Amino acid sequence: MSETNPQSHTEDESIENIVDTLTELEETGTIDDLAQVAQTISLASEAIDDDMIKSTTRATVRAGELFDTAAGEPAALRNLEVLTAALSETGSDPTDPPDGAGIVTLLRKLNDPSVQRGLGFALTLLGELGDQLEARADRYPDAETTAELGTGSTD
């Protein structure tokens, strides 16, 4: 009479499950995908340096501060939503503008109620932008300060 070790039977099932899982991952191409992800992560970790991390962190903190400011302003959030939606619908490739961007097309488009509404919004936005630039001029006395915020260059 032969005795079977229950622990050995469990180990055999575990090994069989592992082999089945690996076979399925190989058949579906998942192992190749995982290898590519690992290679990408390895390349990215080699490319990232301390300055890049610091710069990204500063930009992320500043973006968070801006979003916190906007969060208290429902109108600002609505405007951001409108602008984002408009940008999404404008076109997929900004380097390939639509045909007919001349003065005659501009004059024709001015009769379009949608264009008139957008132009009114843009003109109001430009006025407010000018007011905000004037009000904040003392906050950004030089290009170095702007570069520290991650929004400019130090050239």
Side-chain angles (χ1 to χ4, degrees), residues 14 17-155:
S14 295
N17 286 338
I18 289 170
V19 169
D20 289 345
T21 301
L22 287 173
T23 302
E24 182 180 336
L25 292 173
E26 176 63 31
E27 289 172 353
T28 61
T30 304
I31 288 181
D32 292 336
D33 293 342
L34 290 172
Q36 287 178 341
V37 167
Q39 184 178 13
T40 301
I41 291 171
S42 175
L43 291 172
S45 67
E46 291 173 12
I48 295 173
D49 61 8
D50 288 342
D51 289 337
M52 187 182 298
I53 292 170
K54 289 176 186 174
S55 174
T56 302
T57 301
R58 279 193 305 267
T60 303
V61 167
R62 183 68 180 133
E65 291 169 352
L66 290 171
F67 282 118
D68 282 346
T69 301
E73 300 290 335
L77 290 175
R78 283 192 307 267
N79 288 340
L80 284 173
E81 181 182 1
V82 167
L83 289 170
T84 302
L87 286 171
S88 296
E89 296 297 323
T90 299
S92 60
D93 186 1
T95 62
D96 185 23
D99 293 334
I103 191 75
V104 173
T105 302
L106 173 64
L107 293 173
R108 280 191 194 126
K109 289 284 188 176
L110 288 176
N111 289 324
D112 182 339
S114 294
V115 172
Q116 290 174 356
R117 187 173 183 159
L119 184 58
F121 180 86
L123 292 172
T124 302
L125 175 64
L126 289 172
E128 289 299 323
L129 182 59
D131 291 347
Q132 293 299 322
L133 288 170
E134 183 67 31
R136 291 167 168 32
D138 61 334
R139 288 190 186 180
Y140 311 110
D142 56 43
E144 192 172 299
T145 304
T146 305
E148 288 173 10
L149 294 174
T151 59
S153 72
T154 56
D155 292 74

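Please read all numbers here as calculations on a predicted model, not as lab measurements.
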Got a second to check how far L119's CG is from T124's OG1, nearest 0.5 Å? 9.0 Å
Side chains of E128 and D131: closer than 4.5 Å at any heavy-atom pair? yes
Would you list the atom pairs, donor with acceptor, under 3.5 Å between side chains in residues 20-30 and any protein atom, with sequence neighbours excluded?
| residue | atom | partner | partner atom | Å |
| --- | --- | --- | --- | --- |
| T21 | OG1 | N17 | O | 2.9 |
| T23 | OG1 | V19 | O | 2.7 |
| T28 | OG1 | E24 | O | 3.1 |
| T28 | OG1 | L25 | O | 3.3 |
| T28 | OG1 | T30 | OG1 | 2.8 |

Rounded to the nearest 0.5 Å, what separates atom CD in E81 from atom OG1 in T84? 8.0 Å
Close side-chain approach of D33 to V37, heavy-atom, < 4.5 Å: no
Quick check: closest heavy atoms across Q116 and L110, and the distance to 0.1 Å? NE2-O, 2.6 Å
Given the options L106, V104, D112, R108 meets side-chain contact (heavy atoms from CB on, under 4.5 Å) only with V104
What distance do L129 atom CG and L133 atom CG have between them, rounded to the nearest 0.5 Å? 4.5 Å
